[in-house]
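As structure tokens, the structure follows; a few thoughts come after it.
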Amino acid sequence: MLKVIFPILSFLLLEASKTESENGVIINSVKLKYNPADAGGIKEGSNITLTCSVDILTPSGQSPQISYLFYKGQTQDVLLKIVTIQAQESQYLIQSARPSHSGYYSCEVAAGSQREESASTFITVTGNLQTPVLTVHPIEVILGDLTELCCTSEEIPPLTFIFYTYKNGLNPVRLHENSSKNKTVTHQLRVTTDTEKNYSCTIEVPAARSVSKHSEVVQLSVQNPFSDPMFEIEPSNEIFEGDKLTIKCRVTHLLPHVKPQLIIMKDTTPISTGNTSSVVFSKTANATDTGKYGCMARWNSVSQAIRRQVTVAVPVSIPTLMSTPIGGNVVEDGSLDLSCAVLGGSYPITYKFYQDTSEIPLHQITLNATTAVHHIVSVKNGHSGKYSCEVSNSANQITRTKKSQYVTIIVRVPVSKPLIYPLLNSTKVKLGETVTLHCVTSTGTLPITYTLYRNQSSLQSATTMQAIPAGFNITVDSVEHSGVYSCKAENQISSEHSNGLSFRILRGGFLWWIYIIIVVISLMIIGLAILIAQHCKQWCKNNEGINQEDESSKPSQRGPLQHNQGSLKKSMEVIYSKIGNITHPKLNQPDSDMLIEQQEADSDRNHEGDYTNIMSYQGNVTEDDSESDCEADYTNVTSKRKAASADSDTSSDETNHVLYTQLDLAALQNNSTPQPQGPTIYASIALDKLR
């Protein structure tokens, strides 16, 4: 009311002042004093008198009307009193002063058209401010409604009102501040889920720099208009592309008149709304549906929301398995890389590598990548086989798995150094003999081609499709065939040569030539014997008388045969004849080992002398038949071996290697068996007498 009256009065006074001014009124000065004087502050409860005086000049014989206006505040914030009198001073009484009366005071004088303001005077009143009172209306409120906080004080304005709230019921936190010229200040508050429940207020006198105590704490009673929203996602927060995505948002009403608005939103964009207790959104999910979904319930200014991340996973595509080197052919001890790649799929992706039909993976790894590599540092033969890979990714507790095609890996093994050996594991052969040589390697990928060499010249080749030796038949026809034999093993990867192999030729064929020579010599001896027989016949005729006399007196006895080179002993009736110049095998054998082998091969004929008996005789003859003895004889030729002794009838010239043959023309007599009549011719040929 004063706010309306004071301006009107001020206007009227101004108008009156104009009138007086027109009559010659002049205001020289205006002063404001107070009593009691402020010496360390006026005590609370004291009376304070403010006196406003004016120095004014008026026309002679006139008493003008003077208006006095008392103000509080440095900027005349509060008009305390207006008085219009003719006196040149006026007073304003403050009874039972309080600390809130502290502050700046001033007065203003108006007379006629003249106005003048005094200087401001500060008055301090010591004591305690009155505790304000806080009220809340309504004290029971629904979320989203407004409530009013009202703070009242009996202190003198202007005052500063401060509202406080209590975080978690502990220390007060300044909520709102308002300076007012009134004794009561209100603050409106909209209640939300974040609104605190406890409040208080204080007042402050700006001029006195003093603050009152906190009012009593007032607690709000807040009700929810609806329950917290419930958010359901099916099948779950993580699903696969192509699955059906269903989102439900619903609340339970607490108050009958409350009908909240339900909103389903993706990120910040609403995708479904409704004013019912439940809203449903459904669609076939794809990768672009991945995002943050929310369920919001709104009523008036109250809103509650719950948010949840939804991930739409992309199932992995069918993987492709590739090998490096390309083609699947790997050399043993080389490296092998198996790469399993997919065109797409949500991360992370699990990769598994398998060999053949094994259910245990060779390698497993989970990556945020579309390719995984299994590296085998050193490939062995056992790594040959069929390989595949398997990829999988998951959404919630569901796993999608895809399998690749098979890739065949063939480990090519280089051939090892081959071994060459004869079938009977003996390098001793005879001329004319056929020998089987085997060539084999312990390792190597089939097929393997074996080539036989003699003195680095290839002879034969054979290819095997199995891990078996290759056989080569060699006929040793001459000494030249005893060269160095070797073989080469070769497959698609490498080739290796074996060591050399040489034959030891047993000269068994040379013995046959010796036998042939013996037969030829025997025939020559037979021919010679025939000639000797003819000569003997002539000789017998010449010595017939003597022979008959000797034979009639006693049987003919012959002593041991004697050796004499190139001579004829007629007294012993022994004829020596030089048959030929024969070289003993010992003198022609370049290798002593070969001679030993020859002797071992002929161990069944280990005798020291070969000889031939040439015997010419007739059945029963008489002394009178001496002539016919030479004519009717026939020859028996036998060849046998006989151990030589000191009395052997064969001798050789070691210097010239000449073999001599002794012919005994005397008759052989034996006491136990009847002896044929007539001369007996012996031929002894010692072929191995030479040592």
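Given the structure is predicted, the values throughout are model-derived calculations rather than measurements.
- Taking Gln405 as the reference, Thr320, Leu321, Val407 meet the side-chain contact (heavy atoms from CB on, under 4.5 Å) condition, with sequence neighbours excluded.
- Pairs engaging residues 484-498 under the salt bridge (Lys or Arg N to Asp or Glu O under 4.0 Å) rule: Lys488-Glu490 [sequence neighbours left out].
- A distance of 11.0 Å separates OG1 of Thr401 from NZ of Lys403, quoted to the nearest 0.5 Å.
- Here Lys283 pairs with Asp289 under the salt bridge (charged side-chain N to carboxylate O under 4.0 Å, His left out) rule; sequence neighbours left out.
- Put simply, OG1 on Thr324 and NE2 on His375 are 10.5 Å apart, with the number rounded to the nearest 0.5 Å.
- Residues Asn393 and Gly345 approach most closely at ND2-C, 4.1 Å, considering heavy atoms.
- Residues Val314 and Glu241 meet the side-chain proximity criterion, which asks for heavy atoms closer than 4.5 Å.
- Expressed to the nearest 0.5 Å, how far OG of Ser457 lies from CG of Leu452 amounts to 11.0 Å.
- Proximity of Ile349 to Ser392: side-chain heavy atoms (C-beta onward) are nowhere separated by under 4.5 Å.
- Here the rule is side chain to side chain contact (heavy atoms under 4.5 Å, CB included) with Glu238, and of Val310, Thr311, Val312 only Thr311 fits it.
- In this structure, Ile468 places its CD1 atom where more than 12 heavy-atom neighbours from other residues, nucleotides or ligands lie under 6.0 Å away.
- Every residue two or more places apart in sequence or in another chain that forms a salt bridge (charged side-chain N to carboxylate O under 4.0 Å, His left out) with Arg400 is listed here: Asp243.
- When the salt bridge (charged side-chain N to carboxylate O under 4.0 Å, His left out) test is applied to Lys380, the partners found at least two apart in sequence or on another chain are Asp333.
- The number of heavy atoms from other shown groups lying within 6.0 Å of CG (Leu343) does not exceed 12.
- A search for salt bridge (charged side-chain N to carboxylate O under 4.0 Å, His left out) contacts involving Asp477 returns nothing, not counting sequence neighbours.
- From Lys386, atom NZ reaches atom OG of Ser388 across 10.5 Å, with rounding to the nearest 0.5 Å.
- For the residue pair Thr441 and Ser416, the shortest heavy atom distance occurs at OG1-OG, 2.7 Å.
- To the nearest 0.5 Å, atom CG of residue Leu531 and atom CD1 of residue Ile526 are 12.5 Å apart.
- Contact annotation: the side chain of Phe240 approaches that of Ile398 to within less than 4.5 Å [non-hydrogen atoms, C-beta and beyond].
- Going from atom SG of Cys487 over to atom NZ of Lys417 covers 10.5 Å, rounded to the nearest 0.5 Å.
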Check against side-chain contact (heavy atoms from CB on, under 4.5 Å), Ile493 and Val331: CA-CA 8 Å; Ile493 303 170; Val331 179; 4.2 Å; yes

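- In plain terms, the two heavy atoms of Lys352 and Pro361 that are nearest each other are CB-CB, 4.2 Å.
- When atom types are taken as modelled, the side chain of Lys428 and the backbone of Arg504 share no donor-acceptor pair closer than 3.5 angstrom.
- Atom CD1 of Ile410 is surrounded by more than 12 heavy atoms from other residues, nucleotides or ligands within 6.0 Å.
- Judged by distance alone, the side chains of Asn473 and Thr436 do bring a donor and an acceptor atom under 3.5 Å apart.
- Tyr387 and His374 have their aromatic ring centers separated by at least 6.0 angstrom.
- Between Val413 and Glu332 the shortest heavy-atom distance is CG1-OE1, 3.2 Å.
- Val330 has its side chain out of reach of His383: every pair of non-hydrogen atoms, C-beta onward, lies at least 4.5 Å apart.
- With no hydrogens or angles considered, no side-chain donor-acceptor pair links Ser486 and Ser498 at under 3.5 Å.
- Closest heavy-atom contact between Tyr450 and Cys439: CD2-SG, 3.4 Å.
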side-chain contact (heavy atoms from CB on, under 4.5 Å) assessment of Gln460 paired with Ile474: CA-CA 10 Å; Gln460 304 176 35; Ile474 303 298; 3.7 Å; yes

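- One side chain, Thr288 or Asn286, offers a donor N or O that lies under 3.5 Å from an acceptor on the other.
- Contact check for Thr370 versus Tyr347: side-chain heavy atoms found under the 4.5 Å cut-off.
- When each of Leu419, Val440, Thr464 is paired with Pro469, the side chain to side chain contact (heavy atoms under 4.5 Å, CB included) condition holds for Val440 and for no other.
- Residues Leu431 and Val476 meet the side-chain proximity criterion, which asks for heavy atoms closer than 4.5 Å.
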Steps toward side-chain contact (heavy atoms from CB on, under 4.5 Å) verdict (Leu336, Ser323): CA-CA 7 Å; Leu336 172 64; Ser323 65; 4.2 Å; yes

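- The backbone N or O of Gln355 lies less than 3.5 Å from no partner atom in the side chain of Ser358, so there is not a single donor-acceptor pair.
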Stepwise side-chain contact (heavy atoms from CB on, under 4.5 Å) test for Ser384 and Ile409: CA-CA 5 Å; Ser384 294; Ile409 301 298; 5.7 Å; no

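- Looking at Tyr406, Tyr351, Phe353, Tyr354 one by one, the single match for side chain to side chain contact (heavy atoms under 4.5 Å, CB included) with Cys389 turns out to be Phe353.
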Ring pair (Phe, Tyr, Trp, His ring centres under 6.0 Å) assessment of His438 paired with Phe472: CA-CA 6 Å; His438 282 170; Phe472 302 99; 8.8 Å; no

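- Counting only N and O atoms by type, the side chains of Ser461 and Thr451 include a donor and acceptor under 3.5 Å apart.
- Between Leu501 and Leu437, some side-chain heavy-atom pair lies under the 4.5 Å cut-off.
- Counting all heavy atoms, side chain and backbone alike, Val391 lies closest to Ser317 at CG2-O, 3.8 Å.
- Proximity of a side-chain donor or acceptor of Asn491 to a complementary backbone N or O of Ser494 within less than 3.5 Å is detected.
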